[in-house]
Amino acid sequence: MLADSVETMVKDEQESSNRPDNTAFTQQRLPAWQPMLSAGIVIPGFVLIGLAFIGIGVALFVTSQGIQVLEIDYTGVEQKSPCFRCANSNEKNCVCNLEFSIDRLLKGPVFFYYGLTNYFQNYRRYGVSKDDNQLSGDLDYFQSPSDTCSPYEYDNNVPIVPCGSIANSMFNDTFKLYQTVNGVKKQVPLDGKGIAWWSDYNIKYRNPSVTPLKNAFNGTVKPIFWSKPAYELDPTDSTNNGFINQDFLVWMRRAALPDFRKLYRRITHEDYKEGLPAGNYSLEISYNYPVLSFDGRKKVVFSNVSWMGGKNEFLGIAYLVIGSLCVFMSIVMLIVYAKFKFPEED
Amino acid sequence: MAREGEDAGMAKAPKRKRQKKRKPKENKTRTVHANVLHDCAKGDENPNRHYANNEIKTTKYTVLSFLPKNLFEQFHRFANVYFVFIALLNFVPVVNTFQPELALTPVIFILSVTAIKDLWEDYRRHRSDKEINHMDCLVYSRGEKRYVEKYWKEVRVGDFIRLRCNEILPADVLLLSSSDPDRLCHIETATLDGETNLKQRQVVRSFFDLDCEFDPLKYNSIIECEKPNNDLNRFRGYIIHRSGRRDALYKENLLLRGCTIRNTEEAVGIVIYAGHETKAMLNNNGPRYKRSKLERQMNVDVFWCVIILLVMCLFAAAGHGLWMFQYGDKRPVFDVLSPEGTDLSPIMSAIYLFLTMIIVLQVLIPISLFVSIEIVKICQVYFIHQDMDLYDEETDSHLQCRALNITEDLGQMQYIFSDKTGTLTDNKMVFRRCTVAGVEYSHDANAKRLAMYQEMDSEEEDCMSHGGTLPRRDSVTSHQSARVVLRSHSTKSHRRTGSRAEAKRASILSKHTAFSSPMEKDITPDPQLLDKVNECSSQMDFMRFHSQPMSQLPSDLSDIIDFFIALTVCNTVVVSSPNQPRHKVRMRFELKSPVKTIEDFIKRFTPSRLTSGSNSSSSSSLNRSSNKGCSSLLSSPSAESTLTKLNEETPPGGLEPGFSAAPPCYDGRPSWSPEDGELRYEAESPDEAALVYAARAYKCSLVGRLPDHVTVELPHLGRLSFELLHTLGFDSTRKRMSVVVRHPLTDQITVYTKGADSVIMELIKPLDTGNSKGRRQKKIVCRTQNYLNLYAADGLRTLCIAKKVMSKEEYACWLQRHLEAETAIQGREELLFQSALRLETNLHLLGATGIEDRLQDGVPETIASLRRAGLQIWVLTGDKQETAVNIAYACKLLEPDEEILTLNADSHEACALLLEESLHYIQAKFFCSSGDQSATADFPPFEIYPPASPSSSSSHAAHFLVHRLGLVIDGRTLAYALDKSLEDKFLAVARSCRSVLCCRSTPLQKSMVVKLVRNKLRVMTLAIGDGANDVSMIQVADVGVGISGQEGMQAVMASDFALPRFRYLQKLLLVHGHWCYSRLANMILYFFYKNAMFVALIFWYQFYCGFSGSAMIDQWYLIFFNLMFSAFPQLITGTLDKDVSAETLQQLPHLYVNGQNSEEYKPYMFWMNMIDSFYQSLVCFFIPYFAYADSDVDLFTWGTPITTIALFTILLHLGIETKTWTWINWLSIAFSVALFFSVALLYNASCPTCYSPSNPYWTMQRLLQDPLFYLLCTITPVAALLPRYFYRACQSTLFPNPVQVGRQLDKLPADTRRNILSLGRLKTGSPLSPAPPFLPLAKLSPAKDPRGTPRAPVSQTDEEHGGGGPAAPARSRERLSNVYSSVSTETDTLPYTKDAPPLTDWEAPGQSPPGWTASTPLAARADGVQLSLPPVGAPQCVKYRRSPQEGLVSEHGVHPPAHRTAPAAEQSLYTAL
């Protein structure tokens, strides 16, 4: 009956009051911490932060100072440069020798980098130009590479493996390091293992599980700029071929900035465990990679590293500057405060 | 009942029609046949089949239409289109940046959040629809030949339904039968218009005489009526009987859906409109959407963001073009050729890059901003709803936010426009005192009683605020509190009439009666007057017993008894008994009076009255009350209710309170007895009820009211039945109402008139001073006038009571003409008006009453506090000037030491002159004295900074200093002042006054004032009101607040926020408004900062990647950064942050100025934020850049730390901006960080070959092993935030702004804070008070008449007020009067009497209760001006009327109003309004 339902509704209404819940949350009375930027807190806070930063900055700076770096440009722009000839001729397999000397022991383990300048590996369309599936060894993508590789996708309708611009432009200068001991060139063994990320070598990049590896590449061609196919990148080590070639992996990890270095080798041989001793060295460069067309530079870097990576004084200085700034600000505030407001009333 | 919202509803109506009805032949009427005549109600041959059925469906979507329709609606928002466009751009290979699917996710996410919200709302609507559709009602079934129960949704047009008492009407029903002997049916329309009084509806005339029960099977008429429309007050049609006879149908015959049947046992009707075609549904408007000031400001900045985005993209594109160009033909090895293997020209690649950059930098336009703002606002609304302080225990109602998206506007208000009655006052009309026959009865005891209530109220208030459960004022109060609890305006949506909530409310409401709190009811009679009443009635009793003519009664005594009879009879109050609320109490007298000549006489007119009278009353817009319509209509329809006469044998035991002789009740229900308690009065307006209760205190009780007679119980005399011959209802044009009755004792036809004093006084019979009686009468009039002035000075609402005895011939003559007027086809309203004028002349003044309109609790405090908050408060009221001024003093709107500038002008020129003069006065007085600070700096103790700070960004309004000056302007002057030519001057005057009081303003004027201030001064306006007359003002203002008071729901329905009491405005504005504004402003700024900072990182990178659109931030981070990683803390802060505690905000209202001046979000702040964000992004970019410079870092190993750093910086930035840290803040920040790292770790571990091109496999994992990463994450945020933190620290310690001072106060222990606050002065910042640049005035030009001759300034400026400033007002008066005299020399017809006693200044027309002024059509058209001076001293009456054609016409000499021709009188009346 409607009348009844109206009655019950009336009752409901009477019982269910509209009274809001009286809780701290609904009444917006939650206990709260109110950080008050009063001088009493701010000034000591600034001083503390400043001192801590100065401490860290000093540590970083000292660490960074301990790192030795040897950097040699071998582009061959200048006439007297040993690689001038190679840079300017179209000669294939041009080799030049770079002589240098080390004054004091370059403490080991020494990392051997090659560096490129004005080279935009972070160019957007360059970065896209690869096929991750192909690089993980998926044979389907050997025959039909992803569109992203375009225009390095097909060479005369034959699929390119590894496709794409990044792979195509792989750095192909090679270096041999000799120590000149008493006029005799003694080759310094370079360790090319473990220069790439472990995850790249073991997980991300895979060769197709075809033996011999060469068969997997049937019906494909090597990248246009490459002199040899992917499966012959390292004739010395069969496990260092194809997509898991360490140099290839290092190259495929695109540099963040246009001036970058990439790890080439480590010097870990027993004779050089302590580092590169002082003396004369000769670097035999097989100069293949053209950079002058875009005003690029090539260099080699020998460096040791600390817990915080390569030599970089910036971070230590930054810490020092910010730390001092904090202290300085606290002093300024103290002065202003003393002038205007000291002692605080109420 | 003026429905302001009609337009909107109208717009909706045709749409519905189109949807619902596909009628083959679209004619202009609807024809309804009874369904019982047709075999199958749903059959094809049923003529009603085309009409909508009663199932309502308010849902927007169906299962199928949801997706397309919702998407379509969402794409109306431009931002959504933009984001979809960008997402789609990603599908273009040349420019694409992200994985296209990924780029779609944010858009889809945003769209789906909104869609889910819409879906949920729609589902709720669906459920409530279902509930309503499944309510039961009784429908006649042809098959079963009885009424069977059916669902509402099964009701169809043409069905017969039977309704019982307290049932809710399922559809619009034509009333065919009622159990009521008068064939009436009472309904309550509270759900429709909020009016709580009962309305009478009447059975269709042709079914009148059915004595037996209505039999649907015998019904075979056809109804033709209007198409469905949303006009609640209109229904026209006719019913065609088989005989071919046509009977007209009126709105009195129609019962509307959503109303509740009251007082009627049973009613039967036929459904005319069903479902969506019912008037209630057609009147149903959705919630309002407004755009807040902050949002408008924000949109400007969004626009700037777009500009910044475009600039960045253009820059990058140009850079890329150059970069490409520098290589020339030599392609570097890293260059990528186009897919065709050809080179892209630099220009082409620049163009492509531009699009790419738009995609990459799209985050700059905050996609989640709009959603976040909506979420935050919903939370804010939730918190406002939940506030205990805004909850009214008495009515069990809390604040309702009806507009969800303008919460922050509450914090930016600058002007408040308030209604008076019901808003500042309680709208509890309490009878205070009266004067009868020139003798004043002060009712001291009554005053004491009222004072007691006041105390009780405040005590109760105290207790309530402590515990809430308190023994209430027992027996007396319990009644009231029960009523109010039940009157609760439920906070559930009122949007849909007929919804369950409303049905509930309606049923609850009805249980109790409006306007009947004990305070209003229990009036303590004045002993002196009581004695006189007793004496008088005993004498009359004696006379009656001895059959002496009543005219022998001494005239003062007869005046007294007439006075009370008038109070009792002259109204539209309906009587009900408490136990059967809303069941009409019936008094029936078996003995019929012998038919006398007058009855015969009247009966001669009866047929014509029956036929034509109804016509007029139903269509006349003057007629507001249906009661009255009925009363003229139903003079003596049934045999039972033929004229009755007082039974001579009625037991004269009237001294004992009332109702000892219980009369037989009509329908055999147990008749009520004294134990049942007293009768209840249901009145249309509270003053009516107050008067009836007052009369009852003198034992003159209204016992019953029927359309044809009114039963009154008098002491000694017992029950008297007054035959009600005619009722001329109240209307705001006439400002009075009259009843014509036949006096049972004297058998005379008597007119009792009650109305505004100014009107009645004009209608008093011209007095012949020759005889003693005339002299006496004149004395009475004079005295009464004096008392009236006193009452007004006390802030009482005054009404005059008058009577007039007519001869039968006179009455017959009048009636004849009145009926002609009623039947007139053209100009009926005009004719009726004139007819009323003819009746209401030559009155005999009986007395006057003073009714107190009590202030609501806490109003003075609230006003004081709001004013300290820098809010300008204007009161716009329909009341008369004196009353308004007094209320203004009472509520501290005006203060005794404040100067009052009163503007009363009677012509355009006078008004112009007055304004000019006032401006000069203000300028002269305050401009000079502003140097000494005394005039301006004298602000309440807690001066944090001057209310109208010159730095106010809002407008040029800031240039105006607000002086200690009050402006009072009346409606007539306002009409001139609002004229285009004067409005600027008016504003210049008004804005420099501290408070403005507009009296006698019509609803339209109210809204015009609000509009003027809002548009011209460009300020934020808030309008608050409770009645229908405030609706237009509420709608015009930026924020409309409705008081859910006694005057119904219309104001609430139109409002954005509905408050139970006025005093809650304080917390709503000062606390919630402040919070909402500051939270939202900070959040919006933060949003802009956040997005700009994040996007700028990518922009800086472009310099290092050949402007190639490459991003070092992984696309996932880029896309989800806003949406997920940084979203929660800002929402929490935006919802919960409190810059200052609620207590401090209320104690220091000045803090509100913060919002008024938009201090939290000024245009420059956007740019400061942008600069800061660019700085921060530079730091966040270059510290990692240098840290990794010349290393073998790869792109994403370098980019991920930057992302992390940016996140930390952004969160810490929020931390700096967060003022209060609750555990929720901590949690949200921890959650954000945790979410970022877990998402990053999972993402970087999930798939070695996916997520091209970034393919960030194991990046994060490696980074976490790198100490450099941690070192970077420590230093960068610190370095980035150092400037901001330093600035904040310096600023808040050294130069704290008021809000920060308030925050520091918060930190202090409670009692210390109290001490400081009580100390009074808080030194903060610079005590700036610059010299006010003064008003750029319009050039003063002499007021000229079109003909070139200067006009008489028919004006009067009144500087008098209680305890006014000593010297200044005098000076100003002098100055003002100088102007008058200078002008007056030019014309000798100056009616201005400067020295008129202030208390006799009553030229303005009478007051009008606000509920009634609602129906005032439009009074702004003032083409004639009238000034009438009071007949003090000399009975001369000087009239000035000016019409555009004639110019000024002055009539000198004795012009008694009665002798004026009707049109002239009418015109002057019109213009008087």
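Chain A is the first sequence line, chain B the second, and so forth, proteins listed ahead of strands; every chain is numbered from 1. Predicted model only: the values in this text are computed from it and were never measured.
Residue Y141(A) qualifies as open at atom OH: its count of foreign heavy atoms under 6.0 Å is 12 or below. Counting non-hydrogen atoms of neighbouring residues, nucleotides and ligands closer than 6.0 angstrom, the OH atom of Y1287(B) reaches no more than 12 such neighbours. At most 12 non-hydrogen atoms from other residues, nucleotides or ligands lie less than 6.0 angstrom from CH2 of W1223(B). Remark: Y1270(B) OH is packed, more than 12 non-hydrogen atoms of other residues, nucleotides or ligands lying under 6.0 Å away.
For the pair Y1257(B) and D132(A), the minimum side-chain heavy-atom distance is 4.5 Å or more. The shortest distance between side-chain heavy atoms of L1268(B) and W307(A) does not fall below 4.5 Å. For the pair F260(A) and D1194(B), the minimum side-chain heavy-atom distance is 4.5 Å or more. At least one side-chain heavy atom of I1183(B) sits under 4.5 Å from a side-chain heavy atom of F314(A). Contact check for F294(A) versus V333(B): side-chain heavy atoms found under the 4.5 Å cut-off. Considering only heavy atoms from C-beta on, Q28(A) comes within 4.5 Å of W1075(B) through its side chain. Within the 4.5 Å cutoff, side-chain heavy atoms of M333(A) are placed close to those of C1290(B).
Heavy-atom distances place the side chain of F53(A), and not its backbone, under 4.5 Å from chain B. Neither the backbone nor the side chain of I43(A) comes within contact range of chain B, judged by heavy atoms closer than 4.5 Å. Looking at L135(A), neither its backbone nor its side chain comes within 4.5 Å of chain B, counting heavy atoms on both sides. The part of E71(A) that comes within reach of chain B is its side chain, from C-beta onward, which places non-hydrogen atoms under 4.5 angstrom from that chain. Looking at K130(A), only its side chain comes within 4.5 Å of chain B, counting heavy atoms on both sides. Of the atoms belonging to R29(A), it is backbone heavy atoms, and not side-chain ones, that fall under 4.5 Å from chain B. With a 4.5 angstrom heavy-atom cutoff, W1198(B) touches chain A only via side-chain atoms. Using a 4.5 Å cut-off between heavy atoms, P31(A) touches chain B through its backbone atoms (N, CA, C, O) alone.
A centroid separation of less than 6.0 Å is found between the aromatic rings of F383(B) and F25(A).
Chain B forms more heavy-atom pairs under 4.5 Å with one residue of I56(A), I166(A), L257(A), V128(A) than with any other, namely L257(A). Ranked by non-hydrogen atom pairs under 4.5 Å with chain A, the options G1106(B), S1191(B), A1279(B), C1247(B) are led by S1191(B). In terms of non-hydrogen atom pairs under 4.5 Å with chain B, the most contact-rich of D259(A), N133(A), N22(A) is N22(A). Of the listed residues (Q1300(B), K1138(B), M1112(B)), the greatest number of heavy-atom pairs within a distance under 4.5 Å of chain A belongs to K1138(B). Your options are R1303(B), K1219(B), R1262(B), and the one with the most heavy-atom pairs under 4.5 Å with chain A is R1262(B). Interface summary for chain A: among V1278(B), I1275(B), T1220(B), the most heavy-atom pairs under 4.5 angstrom belong to I1275(B). Taking chain A as the reference chain and counting heavy-atom pairs below 4.5 Å, the highest number among F1107(B), Y1188(B), Y1185(B) is found for Y1185(B). For the set L263(A), T26(A), L30(A), the entry with the most heavy-atom pairs within less than 4.5 Å of chain B is T26(A). With respect to chain B, the highest number of heavy-atom pairs below 4.5 Å among Y152(A), W33(A), Y113(A), W197(A) belongs to W197(A). For the set D387(B), L1271(B), L1282(B), the count of heavy-atom pairs under 4.5 angstrom toward chain A peaks at L1271(B).
Separation of atoms CZ (F120(A)) and OG (S1110(B)) is listed at 11.0 Å; rounding is to 0.5 Å. How far CZ of R254(A) is from SG of C1105(B): 10.0 Å, rounded to the nearest 0.5 Å. Once rounded to the nearest 0.5 Å, the distance linking OG1 of T1259(B) with CZ of R253(A) reads 5.5 Å. Atoms CE and CG, from M252(A) and N1255(B) in turn, are 9.5 Å apart once rounded to the nearest 0.5 Å. Rounded to the nearest 0.5 angstrom, Y319(A) OH and T1274(B) OG1 are separated by 4.0 Å. Rounding to the nearest 0.5 angstrom, the gap separating the CG atom in D1139(B) from the CD atom in Q34(A) is 9.5 Å.
Formation of a donor-acceptor pair under 3.5 Å by the N122(A) side chain with backbone atoms of Y1104(B) is found in this model. Looking only at distances, a side-chain donor or acceptor of R261(A) sits under 3.5 Å from a matching main-chain atom of D1190(B). No side-chain donor-acceptor contact under 3.5 Å links S169(A) to the backbone of F334(B). Judged purely by atom type and a 3.5 angstrom limit, Y119(A) has no side-chain atom pairing as donor or acceptor with the backbone of P332(B). Put simply, the side chain of N312(A) gets close to the backbone of F1186(B): a donor and an acceptor are under 3.5 Å apart.
Taking each heavy atom of D1192(B) and K262(A) in turn, the nearest pair found is CB-CA, 4.2 Å. When all heavy atoms are compared, the tightest approach of T1222(B) to A32(A) is CG2-CB, 3.6 Å. Taking both residues in full, the closest heavy atoms of P1248(B) and I203(A) are given as CG-CG2, 3.6 Å, listed atom of the first, atom of the second, then distance. Nearest heavy-atom pair across P20(A) and H385(B) is CG-O, 4.0 Å.
Using cut-offs of 30° and 60° on the angle between ring planes, the pair W323(B) and Y123(A) is tilted. A tilted orientation is assigned to the rings of F46(A) and F1286(B), their planes being inclined by 30° to 60°.
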